[in-house]
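Shown next, in structure tokens, is the structure this report addresses.
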Amino acid sequence: MEYNFRDIEKKWQQRWVAAQTYKVTEDENRKKFYVLNMFPYPSGAGLHVGHPLGYIASDIYARYKRLQGFNVLNPMGYDAYGLPAEQYAIQTGQHPAITTEQNIARYREQLDKIGFSFDWSREVRTCDPGYYHWTQWAFQKMFGSFYCNSCKKAQPIEKLIEHFEKQGTADLDVAQTEELTFTAAEWHAFDDVKRQQVLMNYRIAYLAETMVNWCPALGTVLANDEVVNGVSERGGHPVEQKKMKQWCLRVSAYAQRLLDGLDTLEWTDSLKETQRNWIGRSEGTEMQFKVAGSDVEFTIFTTRADTIFGVTFMVLAPESELVRQLTTPDQQKDVDEYLAYVKKRTERDRISDRKVTGVFSGSYAINPFTGEEIPVWISEYVLAGYGTGAIMAVPAHDSRDYAFARHFNLPIIPLIEGADISEESFDAKEGTVMNSPVAGKTALDGFSLNGCEVKEAIQKTKEFVTSHHLGRVKVNYRLRDAIFSRQRYWGEPFPVYYKDGMPQMLPEECLPLELPEVDKFLPTETGEPPLGNAKRWAWDTKTNSVVDNATIDNQTVFPLELNTMPGFAGSSAYYIRYMDPHNDAALVSPEADDYWQNVDLYVGGSEHATGHLIYSRFWNKFLFDLGVSCKEEPFKKLVNQGMIQGRSNFVYRIQNTNTFVSLGLKDQYDVTPLHVDVNIVSGDVLDIEAFKAWRPEYADAEFILEDGKYVCGWAVEKMSKSMFNVVNPDMIVERFGADTLRLYEMFLGPIEQAKPWDTNGIDGSHRFLKKFWNMFWNKETFAVNDEEPTKQELKSLHKLIKKVTEDIEVFSYNTSVPAFMIATNELAALKCQKRAVLEPMVILIAPFAPHIAEELWEELGHNTSVFDARWPLFDESALVEDAVKMMVAFNGKTRFAIEFPADADNATIEAAARNHELTPKYLDGKQIVKVIIVPGRMINMVVK
RNA sequence: GCCCAGAUGGUGGAAUUGGUAGACACGAGGGACUUAAAAUCCCUUGGCCAGUGAUGGCCGUACGGGUUCGAUUCCCGUUCCGGGCACCA
């Protein structure tokens with residue numbers, strides 16, 4: 001019987017749908033397992049062979065866990081909001097909802113052909129009102145919460161108001177934008193607008209005037225992770241800094257928990273490291289500096305408090321409030337000129353040229369340890385957004401301060417013995433401290449660090465600073481709050497209206513607030529976001545409904561928020577929604593959340609390390625504080641699938657001709673390499689007729705061949721349309737079948753690694769499936785018999801069980817595929833067609849090649865799905881060797897000597913070695929140093 | 001600059017975590033079947049050397065050292081490639 005994959009795959013895909021084979025429900029009697037893929041953005045280009053890689057890997061795991069008896073949740077959905085659909089809408093006027101719908105339909109069609117075990121009844125789309133209801137809901141909860149530092153969790157804002165009413169800001173330890181100070185009496189005296197403004201300083205979702213990454217080309221702001229090297233991640237457009245009023249999420253409040261949580265996760269070290277870098281914890285000291293001849297005091301942050309005796313100048317960020325206070329009248333002109341210069345420079349300028357620039361403020365700060373006066377400068381190398389926006393400069397031991405000091409001719413005092421600072425600063429945190437204070441001088445309270453190791457000196461200074469009230473120990477994070485507003489149409493609308501310029505939340509029962517229709521998807525003529533084009537976008541507080549803008553009276557009808565939420569809003573809690581996707585009373589029911597807990601295995605690309613994976617951890621922690629999610633971390637284990645790159649092919653055209661020369665001969669000519677569609681190249685040999693037909697200008701092309709063939713060059717590049725190297729999964733499925741595609745993608749190499757797609761090798765996987773299929777057949781008859789398997793046959797089977805089980809547990813699928821091939825070859829050579837061997841083999845291969853497995857399972861006489869069977873158990877005794885080898889090591893060489901029966905105990909073997917019962921030529925009068933028994937058992941012994 | 005991960009045949013990659021390096025597949029070469037092609041099957045395939053031959057010897061896991069009876073694996077140094085962070089004080 002021939003392996004007719006087309007019929008088999010079609011048949012089983014239909015049956016799975018009809019029988020709802022992959023639909024799961026909560027079942028208290030079975031242990032759960034939650035497998036999740038990062039849901040895709042449905043782009044217009046459809047899937048290429050790289051996309052399903054992670055889905056196949058997780059599908060194998062999901063099916064394996066199911067075969068082990070777990071109740072497996074393996075859902076799929078779409079991250080449906082995004083820029084491409086909106087850009088397309090701007091160009092064509094086609095509503096993004098329509099484009100998105102079409103793209104989803106195409107994705108679904110492609111996915112269905114590959115045979116995944118997704119429970120489509122749980123599908124979510126971020127653009128569905130039923131879904132974004134809960135995105136809006138979570139936002140409102142964040143608005144209604146503040147972060148309490150001492151209890152380390154989010155709390156309802158009412159608790160904070162209570163605190164203010166009783167004691168103002170006294171004893172307040174909460175996350176805040178800036179440190180405010182007021183008394184209870186003052187709070188009571190504030191009017192409502194003032195109180196709202198004050199509360200904004202503490203809310204987890206808050207509205208603030210902040211410096212944002214503004215991208216003029218996209219007409220919107222971007223989050224830090226969406227900006228790479230000063231240009232937008234999508235499209236590569238320039239980004240500039242601009243002050244705008246934006247919604248923000250106080251992610252920074254969770255910095256420490258986001259950092260600590262990493263230790264509990266089974267993620268790769270590199271991904272954890274990436275997140276640690278992004279969070280950027282830095283432990284240091286905040287110190288107060290008085291200003292000479294003034295009562296102004298300011299605070300700086302440093303990780304090197306020990307270098308206080310080497311401070312020769314101070315530097316303020318140009319944007320700092322202090323600049324105004326500390327600039328002296330005779331320096332005013334220079335400072336103004338400098339500030340104007342800084343303002344002109346974009347983020348990109350700063351990154352590309354690191355010029356040393358700055359200006360003297362005219363003021364002097366007083367070193368709290370020595371009483372010395374230190375000049376205060378202003379320079380763009382100090383960032384307003386980090387620490388306090390002011391630093392103490394220690395040119396001897398910080399390369400930036402060093403460059404500044406050299407440029408402006410400021411003194412440099414070395415503080416580490418033996419460090420050479422004549423050419424560059426010595427930045428390392430090591431060495432013995434000197435000049436602290438300089439010989440002959442004394443510091444406050446006789447404080448001295450001379451002779452200390454740097455680490456010790458840092459600690460000593462911290463203690464001194466704290467005990468003398470010169471400052472305090474402080475931890476800073478690089479992680480900033482996330483900007484949550486986008487000036488875009490295709491995103492979740494904010495459930496917010498404005499009254500007296502202050503935002504008001506829509507009543508919870510009025511959610512979801514649906515995205516309005518607009519005539520144009522571009523910003524309005526007055527520069528408002530696209531929602532400004534909506535005619536019906538006002539909130540009537542009497543009827544609690546959306547009404548026409550014309551009725552706005554600012555008494556009972558108010559304007560609604562015009563911004564929409566960013567892409568990460570909808571993707572931050574989707575894994576929770578999958579647990580209970582049709583619940584319209586809550587994001588998730590406590591029962592469903594309690595059953596599914598969190599994601600056991602999450603598979604997706606590492607490009608989300610500093611975006612989605614930070615935001616959703618933050619979001620989940622917030623929901624955890626709220627009591628909605630029972631687990632603090634959303635993704636227990638995470639596997640990053642590597643990108644599949646394209647393998648591009650090139651033809652070489654001789655300059656100014658229409659003649660193409662084969663790869664081996666191209667060096668003899670002056671040629672231009674041109675990308676050629678990989679689909680008309682096979683084994684790097686060009687199909688010349690197809691090439692001529694490919695493009696009209698090549699119709700009469702001529703060729704210089706080698707050995708009668710045109711050989712193409714190749715290179716590994718990103719898979720993209722413009723490089724003509726896109727390989728489409730549908731084509732592969734059509735030619736070889738889904739099972740072959742699945743097997744081949746796994747065989748290609750380790751899941752985590754980036755690797756080029758090479759269609760050439762796929763025959764091997766396809767051939768294997770044919771061989772596997774043929775094991776069950778004699779010509780046209782199904783030939784599986786009920787004979788007892790031999791020891792040898794059982795050994796092949798159990799080797800396979802062991803290998804495949806171990807491999808799946810560690811995602812090393814690329815080595816399971818060869819194991820199947822070896823077992824199949826061994827059994828075929830033995831002409832084994834025994835049920836007791838082949839039936840377990842079918843179960844083993846089912847996660848990898850589900851269609852063929854189902855078909856054979858049915859042929860084996862079962863009338864249920866193979867996925868209702870149980871994963872075969874490994875029997876150690878089947879693998880026991882008939883003999884063990886003794887290996888003898890002497891004189892630096894390792895040799896094999898004798899074989900013993902497998903059941904020989906160590907004592908027997910040891911005795912044999914002692915009795916020199918060894919092949920004499922290896923002894924030859926030399927000492928045996930050690931005797932080692934392989935494999936598995938090992939004795940180390942010394943024979944004198 | 002700092003941090004992380006990696007380097008094995010012509011190619012993708014194996015190696016039970018310190019025990020016969022190169023599994024398996026692709027590619028290449030040779031052969032069988034066939035009128036022919038497709039399909040299928042078999043053999044060879046890290047390098048060098050010796051031998052008619054079965055076979056034997058030497059070298060070999062980026063480079064240089066070290067630990068060990070024994071190192072692709074562990075340690076130190078170097079080079080190269082990939083990733084993250086980056087005027088973050």
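Chain naming here is simple, since letters A, B, ... match the order of the sequence lines and numbering starts at 1 in each.
Phosphate proximity of B:U16 to A:Lys802: absent, as no side-chain N or O sits under 4.0 Å from OP1 or OP2. Proximity of A:Thr274 to the phosphate of B:C4: no side-chain N or O atom is located under 4.0 Å from OP1 or OP2. Remark: A:Tyr744 is not in phosphate contact with B:A25, judged by side-chain N or O atoms under 4.0 Å from OP1 or OP2.
Ring-centre distance between A:Phe404 and A:Phe313: below the 6.0 Å cut-off. Under the 6.0 Å cut-off for aromatic ring centres, A:His766 and A:Tyr744 do not qualify, their centroids lying 6.0 Å or more apart.
The distance from atom CH2 of A:Trp267 to atom P of B:G84 is 16 Å, rounded to the nearest whole Å. Atom CG in A:Asn277 sits roughly 12 Å away from atom P in B:A5 (whole-Å rounding). Between A:Gln645 atom CD and B:C81 atom C1' there is a gap of 13 Å when expressed in whole angstrom units. With rounding to whole Å, A:Asn814 atom CG is found 10 Å from B:G12 atom C1'. Rounded to whole Å, atom P of B:C87 lies 20 Å from atom NE2 of A:His407. Rounded to an integer number of Å, the gap from CD of A:Glu273 to C1' of B:G82 is 16 Å. Taking atom CG of residue A:Asp758 and atom P of nucleotide B:G27, one finds them 9 Å apart after rounding to whole Å. Look at CD on A:Gln753: it is 10 Å from P on B:G6, rounded to the nearest Å.
Ion pair A:Lys770/A:Glu2 not flagged as a salt bridge, since none of the NZ, NE, NH1 or NH2 atoms sits closer than 4.0 Å to an Asp/Glu carboxylate oxygen. Ionic pairing of A:Arg304 and A:Asp401 is not present here: no N-O contact between side-chain nitrogen and carboxylate oxygen is shorter than 4.0 angstrom. Comment: A:Glu745 does not engage A:Lys755 in a salt bridge, judged by the lack of any side-chain N to carboxylate O separation of less than 4.0 angstrom. A salt bridge is defined here as a Lys NZ or Arg NE, NH1 or NH2 lying under 4.0 Å from an Asp or Glu carboxylate O, and A:Glu734 with A:Arg6 meets this definition.
Look at the P atom in both B:G82 and B:U67: the space between them is 35 Å, to the nearest Å. B:C63 and B:U73 have their P atoms separated by 11 Å, with the value rounded to a whole Å. B:C76 and B:A71 have their C1' atoms separated by 15 Å, with the value rounded to a whole Å. Of the C1' atoms belonging to B:G9 and B:G27, the separation is 12 Å, rounded to the nearest Å. Across B:G29 and B:G18, the matching P atoms stand 41 Å from one another, rounded to whole Å. Nucleotides B:A7 and B:A14 have their P atoms positioned 10 Å apart, rounded to a whole Å. For B:G46 and B:G60, the C1' atoms lie 8 Å apart once the distance is rounded to whole Å. Distance check on atom P: B:C3 versus B:G13 gives 28 Å, rounded to whole Å.
Between A:Trp773 and A:Tyr3, the ring planes are tilted. Angles from 30° to 60° get that label. Ring geometry, A:Phe408 versus A:Trp377: the interplanar angle falls from 30° to 60°, so the pair is classed tilted.
Nearest to the side-chain atoms of A:Trp278 among the listed nucleotides B:C85, B:A23, B:G13 stands B:C85. The side chain of A:Met821 lies closest to B:A25, out of B:A25, B:A86, B:A89. Taking only side-chain atoms of A:Lys755, from C-beta outward, the nucleotide of B:G13, B:A89, B:A15 with the closest atom is B:G13. Ranking B:A5, B:C3, B:A23 by closeness to the A:Asp269 side chain, first place goes to B:A5. The side chain of A:Phe747 lies closest to B:C24, out of B:C41, B:C85, B:C24. Distance from the side chain of A:Ile391 is smallest for B:A89 among the nucleotides B:A89, B:C87, B:A15. Set against B:A89, B:A25, B:C85, the side chain of A:Tyr386 has B:A89 as its closest nucleotide. Looking at the side chain of A:Arg767, the nearest of the listed nucleotides B:G13, B:U40, B:A89 is B:U40. Picking from B:A14, B:U40, B:C4 the nucleotide with the shortest atom distance to the side chain of A:Lys770 gives B:U40. For A:Pro750, the listed nucleotide lying nearest its side chain is B:G13; candidates were B:A89, B:C85, B:G13.
Within 4.0 Å (heavy atoms only), A:Arg480 reaches at least one base atom of the nucleic acid. Within the 4.0 angstrom heavy-atom criterion, only backbone atoms of the sugar-phosphate kind lie near A:Ile822; the bases stay farther away. In this structure, A:Val315 reaches neither bases nor backbone, as no heavy-atom distance under 4.0 Å exists between it and the strands shown. Using a 4.0 Å heavy-atom criterion, one finds that A:Lys771 contacts the sugar-phosphate atoms exclusively.
Taking the syn range as angles within 90° of 0, the glycosidic angle of B:U17 is syn. Using a 90° window around 0 for the glycosidic torsion, B:G9 falls inside it and is classed as syn.
Side-chain contact check for A:Tyr615 and A:Asp225: at least one donor-acceptor pair (N or O, by modelled atom type) lies under 3.5 Å.
Sequence order on RNA chain B of the closest nucleotides to A:Thr388 and A:Glu806 puts A:Glu806 first from the 5' end. Nearest-nucleotide positions on RNA chain B for A:Asp807 and A:Gly389 put A:Asp807 closer to the 5' end.
Scanning both residues, A:Ala365 and A:Met314, for their nearest heavy atoms gives CB-CG, 3.9 Å.
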- Task: Taking Watson-Crick and G-U wobble pairs with both distances under 3.5 Å, convert RNA chain B into its dot-bracket string, 5' to 3', dots for unpaired and | for cross-strand pairs.
- Result: ((((.((..(((......[....)))((((((.......))))))(((((....)))))..(((((..]....))))))).))))....

